[in-house]
2 protein chains.
Amino acid sequence: MLEVARSATLPEGAKARRVYLSLYDQITDGRLCDGEILPGEQKLAETYCVSRVTIRRALDVLSARGLIEKRVGSGTRVRSKAMSDKRAALTFNTLMPQLVEMGQSTTARLLSFSYRQPPDYVAQALGLGAAENAQIATRVRLANAVPFSYLTTYVPTQIAQNYSENDLATMPLFKLLERSGVQIGAAHQSVSASLAGPEVAEALNLAEGSALLSLKRVVRDVDGNGVEFLSGLYRPDMFSLEMPLTRVGDGVGRHWEPAIGQADQDLAKQARS
Amino acid sequence: MLEVARSATLPEGAKARRVYLSLYDQITDGRLCDGEILPGEQKLAETYCVSRVTIRRALDVLSARGLIEKRVGSGTRVRSKAMSDKRAALTFNTLMPQLVEMGQSTTARLLSFSYRQPPDYVAQALGLGAAENAQIATRVRLANAVPFSYLTTYVPTQIAQNYSENDLATMPLFKLLERSGVQIGAAHQSVSASLAGPEVAEALNLAEGSALLSLKRVVRDVDGNGVEFLSGLYRPDMFSLEMPLTRVGDGVGRHWEPAIGQADQDLAKQARS
DNA sequence: CTAACTTGTTTCTTTGACAATACAACTTGT
DNA sequence: ACAAGTTGTATTGTCAAAGAAACAAGTTAG
């Protein structure tokens, strides 16, 4: 029987998907450069410890997506050029992801909105009592109609009174908070990585099990009260955290520190290369 | 035949993994609180539209990881408390991962060491000519005999003459470079996420396809010449990038900036909570 | 041209995930 | 004690994914 040539967006099987995701990552983050020739299918099968059929399943999808170009007898070439344009377009500034400047070129889609009891660790971080509620909103931000971040924000109910559900869909939360007279003091960010679960994968138009950049941020006002907890998941192929550093101090105390105010220069330098 | 009770780090099958990831997410982000009793396996099977066997496969892994506790006749309880402790144990300092301070409590294992031509994007970042070689070293850093980072460093051959292969296994690269008289100027870091490939997964004792924090760093000397390119992959459960922020500026120019010198206070605050 | 590579295609086998079902062992509330 | 819940275990069957092997067809270096 003839096999239907399905141009799937994702390999079905577990092994095939792993290979696919691994190669996809290597291509999109530059470990495999444009024009580079991949090792042969047999070679790949050995390094991944799977059969050649499985490798082919993964390559078929990559090929259908235009990330590679296969040529009989010659080999398989990486075509990452098409992607990289899109990608550089949204490489972000220093330590301020999803911000004012891009607030105009991006749109947000509000997925859910409710007043509930936040998870323990959120309540703890914000300094909320065990029974206190918070406004919990889940949004997806899009750039050029492509979703790139999945955000969940927690704001104490008391503070969240000052703006509408509609505001959230359009304006960044900071604007809203500052407009409400909240005196923003310090914030603390924590960056890590995690996998895309079913809901997130669908919302971001990604394969389940894709790698995501995970960011958690606690914002406090000048009195030290928690005013916002942000939990963000970002597509690594469309978002990265850039930070210029300088080496300061002497002797034993010598260490790295973020170089502030140099963001623009540094980005410009990168763009040139 | 008796089924071998493998304590896998991730369910093999597609459906089982779906269930696993969904529950894992719900537990770790607090939708399922500590101590809460899950619906019965039969009930879960219905809500997820899979068979009970599949549910059990997912629960087995969650159980092996200590996220849930099953009791015959009684039910299954969520144990999310245990996680948070371990996690905090190795949460690192501000903008200086793998650094001097921890240089003593960690060890490194040298996996490979050679002088070759670096990948294009590395050569480009370092400003190397097309044919210039670099010293390429791959190391795994361990904390308490547990591997947590997989590092690949590229140093132009010219600069790399000043230390031995043995030095690399023990000392951080910065120490070596500065000892060699290199005047370190600026650096630029880029943080993202990616998946664990076969080699990395094995080196870090992880399942293939696990999420990893990915860090790329270009270091230049005072004259702007590239002296080091670091590509690091970190286990997200043992490593996260912490950064305190402050909001500065007025009006339209208002934005976030890293708060320097406050790392210790901020960490202490977090530890207390 | 030849030898040694590559990808493309086919066929068959084997493995393993999944479903459905039944039953045992245990706990809890009535 | 009993009924109704829970998890644990075993059996059987189905089917898609994966593996293995052979071969065709194209490319390239010598």
Side-chain angles (χ1 to χ4, degrees), chain A residues 1-8 10-23 35-64 66-79 207-209, chain B residues 1-23 35-64 66-79 198 207-209:
Chain A
M1 190 194 286
L2 267 182
E3 172 133 355
V4 177
R6 59 181 170 189
S7 73
L10 207 141
E12 298 294 330
K15 293 226 180 88
R17 171 164 41 208
R18 269 192 303 203
V19 175
Y20 165 79
L21 287 172
S22 171
L23 290 173
E36 194 168 331
I37 310 170
L38 283 182
E41 295 176 349
Q42 188 55 47
K43 195 76 186 172
L44 284 173
E46 284 161 22
T47 66
Y48 278 97
C49 288
V50 297
S51 80
R52 201 182 137 219
V53 191
T54 305
I55 294 289
R56 285 182 59 75
R57 263 195 276 268
L59 293 185
D60 282 348
V61 180
L62 287 171
S63 177
L67 286 158
I68 59 174
E69 200 177 41
K70 311 181 77 173
R71 279 224 311 256
V72 182
S74 176
T76 303
R77 278 197 168 68
V78 177
R79 311 288 309 144
E208 216 177 293
Chain B
M1 192 197 282
L2 267 183
E3 172 136 357
V4 177
R6 58 175 171 197
S7 71
T9 52
L10 215 139
E12 294 295 329
K15 292 223 179 102
R17 173 165 43 208
R18 261 181 63 93
V19 176
Y20 166 79
L21 285 172
S22 172
L23 289 174
E36 195 169 329
I37 309 171
L38 283 182
E41 294 176 351
Q42 189 54 48
K43 194 76 185 172
L44 284 172
E46 285 161 21
T47 66
Y48 278 98
C49 288
V50 296
S51 80
R52 200 181 141 219
V53 190
T54 305
I55 294 290
R56 284 183 59 78
R57 261 196 278 269
L59 293 185
D60 282 347
V61 180
L62 287 171
S63 176
L67 286 158
I68 59 173
E69 202 175 40
K70 312 180 78 171
R71 281 226 310 256
V72 181
S74 176
T76 303
R77 279 196 166 68
V78 177
R79 314 275 327 133
E208 211 177 301

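Each chain gets a letter, A, B and so on, in the order its sequence line appears, and its residues count up from 1.
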Counting side-chain heavy atoms from C-beta on, which of [options] comes nearest to [X]?
X	options	value
B/Lys15	D/dG8, C/dT7, C/dA19	C/dA19
A/Val53	C/dT7, D/dA20, D/dA18	D/dA20
B/Ser51	C/dC18, C/dT9, D/dG19	C/dC18

What is the minimum heavy-atom distance between [X] and [Y], and which atoms define it?
X	Y	answer
A/Val19	A/Ala58	CG1-CB, 3.7 Å
B/Leu59	B/Ile68	O-CD1, 3.4 Å
A/Leu21	A/Ala207	CD2-CB, 4.2 Å

Discussion item. B/Arg71: which residues meet the salt bridge (charged side-chain N to carboxylate O under 4.0 Å, His left out) condition with it, sequence neighbours left out?
Written reply: none
Counting only pairs under 3.5 Å, give me each side-chain donor-acceptor contact of residues 38-46 of chain B, with atom names and distances, residues two or more places apart or in other chains.
unit_1	atom_1	unit_2	atom_2	d
B/Glu41	OE1	B/Arg52	NE	2.9
B/Glu41	OE1	B/Arg52	NH2	3.0
B/Glu41	OE1	B/Arg56	NH1	3.3
B/Glu41	OE2	B/Arg56	NH1	2.9
B/Glu41	OE2	B/Lys70	NZ	3.2

Figure out the [atom1]/[atom2] separation between [X] and [N], and round it to whole Å.
X	N	atom1	atom2	result
B/Arg17	C/dC18	CZ	C1'	15 Å
B/Lys70	D/dT6	NZ	P	13 Å
A/Arg56	C/dT9	CZ	P	7 Å
B/Glu41	C/dA20	CD	C1'	15 Å
A/Leu44	C/dT7	CG	C1'	12 Å
A/Gln42	C/dT7	CD	P	10 Å
A/Ile55	D/dA20	CD1	P	12 Å
B/Glu36	D/dT6	CD	P	15 Å

Discussion item. Run the side-chain contact (heavy atoms from CB on, under 4.5 Å) test against B/Val72 and tell me which residues pass, sequence neighbours left out.
Written reply: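 For B/Val72, no residue satisfies side-chain contact (heavy atoms from CB on, under 4.5 Å) once neighbours in sequence are set aside.
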Discussion item. Please evaluate residues B/Val61 and B/Arg57 with respect to the criterion side-chain contact (heavy atoms from CB on, under 4.5 Å), reporting the C-alpha separation (whole Å), side-chain torsions for both, the decisive distance (0.1 Å), and the verdict.
Written reply: CA-CA 7 Å; B/Val61 180; B/Arg57 261 196 278 269; over 6 Å; no
Worksheet entry | Axial bend angle, the helix from C/dC1-D/dG30 to C/dT30-D/dA1: five-pair end segments, nearest 10° | 30°
Practice prompt. Can you check each nucleotide of nucleotides 22-30 of chain D against protein heavy atoms at under 4.0 Å and return B for base, S for sugar-phosphate only, - for none, in 5' to 3' order?
Written response: B---BS---
Discussion item. Going by the rule side chain to side chain donor-acceptor pair (under 3.5 Å), which residues pair with B/Ser22 if we only count those two or more places apart in sequence or in a different chain?
Written reply: B/Gln26, B/Tyr48
Discussion item. For C/dT7 and A/Thr76 - does any side-chain N or O of the residue sit under 4.0 Å from the phosphate oxygens OP1/OP2?
Written reply: yes
Worksheet entry | CD1-CG distance between A/Ile55 and A/Leu62, expressed to the nearest 0.5 angstrom |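 The CG atom of A/Leu62 is 10.5 Å from CD1 of A/Ile55, to the nearest 0.5 Å.
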Practice prompt. Assign each of B/Asp60 and A/Val50 to its nearest nucleotide of DNA chain D by heavy atoms, then name whichever residue's nucleotide is nearer the 5' end.
Written response: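 The residue whose closest nucleotide sits nearer the 5' end is B/Asp60.
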